[in-house]
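Everything below concerns the one structure shown next.
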Amino acid sequence: MRLGTCYYPEHWPESWWADDAQRMVEMGLTRVRIGEFAWSRIEPEQGRFDWGWLDRAIETLAAAGLGIILGTPTATPAKWLVELMPDMFALDAAGQVRGFGSRRHYCFSHHGYRAEAARITTALAERYGHNPAIIGWQTDNEYGCHDTAISYSAAAAAGFREWLAVKYADVAALNLAWGNVFWSMDYPSFQSIDPPNLTVTEPNPAHVLDWRRYSSDSVVIFNRAQVDIIRAYSPGRDIFHNFMGFFTQFDHHAVGRDLDVAGWDSYPLGFLEQFWFSEADKLRYARQGHPDIAAFHHDLYRGCAKNGRWCVLEQQPGPVNWARYNPAPLPGMVKLWTLEAIAHGAELVSYFRWRQAPFGQEQMHAGLLRPDSTDDVAANEVRAAAQVIAQLGEMGAPPKSVALVFSYEADWMIDAAPQGQSFRYLELAFEMYSALRKLGLDVDIVSPDASLDGYKMVVVPSMPVLDRAFVDRLAALGCPVLLGPRSGSKTRDFAIPENLPPGPLQVLLPVRVVRVESLRPGLHHNGKGFVIERWLEHIESAHVPDILTDDGAGILYRANHVRYLAAWPDQALLRQIYTQMAKEGGLDTHMLPDDLRLRRCGDHVFAFNYGTEVIRLGGTLRDMQDHSYVVGSADVPAAGVAIWQTPPPR
Ligand code: GAL
């Protein structure tokens, strides 16, 4: 459990570096991430490297006792390189060039740029691979940021055709798999296939799905090339990447398999503002972030790296510059966010950024220091968090309790044919996660091929493609399982299964989805204590549903330990279902106050107050009242944290 910061020595006079490093250490930081945007200063002209400043920066930071995570600068190719290779840019869906002047101006499929990325990575890894100050590497920066994982360039089109030829071997097989008899879409050859953009109306979803798979694979390949180089030249160092929030353009599980530590960049206030949350929640949590935003990603990215190693590589320290509105966090939130990450098992929380830059695009983005180098508000909260972390010591691992199965491909499939604009997979997964947290449950968000053994409850928000092997694994589980709407609704080739949805799940649970409907706002079905909005499936089954709407629509079906949910659920419905499942799985639930969340890690329990009023851990939380608190007390202040230890098992 460490703290660190993102630092840009190239932004500041060299005479400041030693003092900055000293102040970082004084603040309780032991890690510093540098270099990820510095290409134009490392290699000012093709082949002419200026290592001097970076050597000295590394030396200075290391002399203060900081361990360094060095970034490869491939998110910001220098202007001279772009001029040598003007076709390396990505193209957007409208065919417009995404050119130079900010960052991420490259196409993942461009072979020339791939070679350049390998070249600069090799140069860095050769020079610093064995430097004892370098404890790890970050590949690139936020793959896909600014909507860049998908490019419609000529390079991407060529790559896609090759990818299709490898996958299908014969174009007739592709035509059959995609159903190209429809609308006379048969292709005479792989060469005649374009990316699925600029079509008159919607492209074939099977075409879109393969395109999404191809685009995701390009990111995996791009990352893996850097990883292979770093492993060869810098043995024993950890390799990180900093993933983003609410981002699904590529398969993070696949990229994560090549990393040692999955990092992510946590900006709870920016994410609340930018995503689907209601106006009421945006206001209510404007200075705290929705209580489940950070946690959702902590639990997601823990499942994205080998051995569950994960961290926060960028933590919001104050107002950001990029959301529609950028409020300041409530006093205490930076400390709370830090401890929430630690409670979910983070090995590092690194703040973005050390000092606010007075120039460039992010001059309105807060840092730990103001542009005049005085402490900004977060600095003291970081000091306080560092003290708590020192006091906690090693806590052990987060418990295995509930698994929520998350599938990037599910997101692409639903996005390719949403059948109603309010059916968003990511939002469904988040809502299903949030309802678990509101009951005080601990969740691991895992990939579809992760082992589910040892969990006490399994939730699959939606999985359009259910293969037989997955269904067999569910069958073998001894704990309650819930599958959400649209599970088993498609084959791998994006067709409706022969036996109708939920396809192979019918082996475990004999229900057939005979019709689906999306519901515009205002169309709804009431039930006992819940309301169905957005999505309803019509089911034929000999089974009597466990839960129905007042007008008789079956919502929840169950056979043995497996349940199928045939609608978009609200929080109240989820609470009903989960409470029952938790009981069957032997898990205790709590009806937490709206703004309170719990997290167990080892034998420690953390309580986080995301509200603006004190929460007393009493009432239904009486069993939490009498603990001897390691941090805080039974009165948890606004933006406050309480931590206690559970008695050792007898
Ligand atoms: C991240 C990015 C950083 C910085 C930050 C600002 O997305 O990785 O470089 O731009 O946002 O909040």
Side-chain angles (χ1 to χ4, degrees), residues 4-12 31-41 69-77 98 101-106 136-149 219 223 226 240-250 252 255 259 261-275 289 293-294 297 300-301 310-329 333-334 337-338 341 348-371 376-378:
T5 189
C6 308
Y7 186 55
Y8 301 91
E10 69 276 23
H11 292 183
W12 313 112
R31 292 285 180 259
V32 59
R33 187 195 72 175
I34 64 169
E36 80 276 14
F37 299 127
W39 198 330
S40 73
R41 297 301 168 104
I69 299 171
L70 185 56
T72 63
T74 48
T76 48
R98 308 201 63 199
S102 62
R103 62 177 171 182
R104 300 215 56 78
H105 39 278
Y106 71 83
W137 295 81
Q138 176 184 295
T139 54
D140 200 282
N141 189 79
E142 290 193 341
Y143 290 131
C145 185
H146 318 305
D147 197 16
T148 53
V219 179
N223 181 68
Q226 296 199 9
F240 301 70
H241 178 73
N242 55 335
F243 295 121
M244 288 190 290
F246 293 133
F247 190 76
T248 50
Q249 277 187 4
F250 60 89
H252 292 49
V255 171
L259 304 173
V261 187
W264 84 281
D265 296 345
S266 180
Y267 294 94
L269 304 193
F271 296 148
L272 174 72
E273 188 54 53
Q274 294 303 87
F275 287 88
I293 288 182
H297 294 93
L300 172 69
Y301 291 123
W310 72 280
C311 72
V312 174
L313 277 168
E314 297 181 15
Q315 172 63 60
Q316 172 166 5
V320 300
N321 62 307
W322 46 262
R324 287 183 303 181
Y325 301 96
N326 298 295
M333 278 320 291
V334 173
W337 289 328
T338 306
L348 166 72
V349 176
S350 163
Y351 302 91
F352 184 92
R353 49 186 280 153
W354 174 244
R355 182 189 288 105
Q356 182 173 350
F359 46 77
Q361 281 91 327
E362 295 181 341
Q363 52 187 271
M364 303 299 283
H365 192 298
L368 298 181
L369 306 190
R370 302 189 182 102
D376 204 338
V377 179

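As the structure lists them, so they are numbered: ligands from 1, and atoms in each ligand from 1. Fair warning: this is a prediction, and the values are worked out from it, not measured in the lab.
For ligand 1, the atoms closer than 4.0 angstrom to any heavy atom of Asp265 are 8 (O). Using a 4.0 Å cut-off to heavy atoms of His365, the atoms of ligand 1 that qualify are 6 (C), 12 (O). Heavy-atom proximity to Phe37, at under 4.0 Å, picks out these atoms of ligand 1: 9 (O). Within ligand 1, the atoms closer than 4.0 Å to a non-hydrogen atom of Asn141 are 2 (C), 8 (O), 9 (O), numbered from 1 in the order shown.
Among protein heavy atoms, the minimum distance from atom 1 (C) of ligand 1 is reached at Glu314 OE1, 3.1 Å. Looking at atom 7 (O) of ligand 1, its nearest protein heavy atom turns out to be Glu142 OE1, 2.4 Å. Scanning the protein for heavy atoms near atom 10 (O) of ligand 1, the closest one is Glu362 OE2, 2.3 Å. The shortest contact between atom 5 (C) of ligand 1 and any protein heavy atom is with Tyr267 OH, 3.3 Å.
With rounding to the nearest 0.5 Å, the separation of CG in Leu369 from CZ in Arg353 is 10.5 Å. Interatomic distance, His105 NE2 to Arg98 CZ, rounded to the nearest 0.5 Å: 12.0 Å. Rounded to the nearest 0.5 angstrom, Tyr351 OH and Thr338 OG1 are separated by 3.0 Å.
A donor-acceptor pair under 3.5 Å is formed between the side chain of Gln363 and the backbone N or O of Gly360.
When only interatomic distances are considered, the shortest N/O to N/O separation between Glu36 and ligand 1 does not fall below 3.5 Å.
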Could you go through the side chain to side chain contact (heavy atoms under 4.5 Å, CB included) check for His365 and Tyr267 one step at a time? CA-CA 12 Å; His365 192 298; Tyr267 294 94; 3.7 Å; yes

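Taking 4.0 Å as the cut-off, Arg103 counts as a neighbour of ligand 1 on heavy-atom distance.
Under the 4.5 Å side-chain criterion, counting only non-hydrogen atoms from C-beta, Met333 is not in contact with Val377.
Ionic pairing of Glu142 and Arg104 is not present here: no N-O contact between side-chain nitrogen and carboxylate oxygen is shorter than 4.0 angstrom.
Here Met244 has no heavy atoms under 4.0 Å from ligand 1, in either its backbone or its side chain.
Taking the six-membered ring where the residue is Trp, Phe246 and Phe275 present tilted rings, their angle falling between 30° and 60°.
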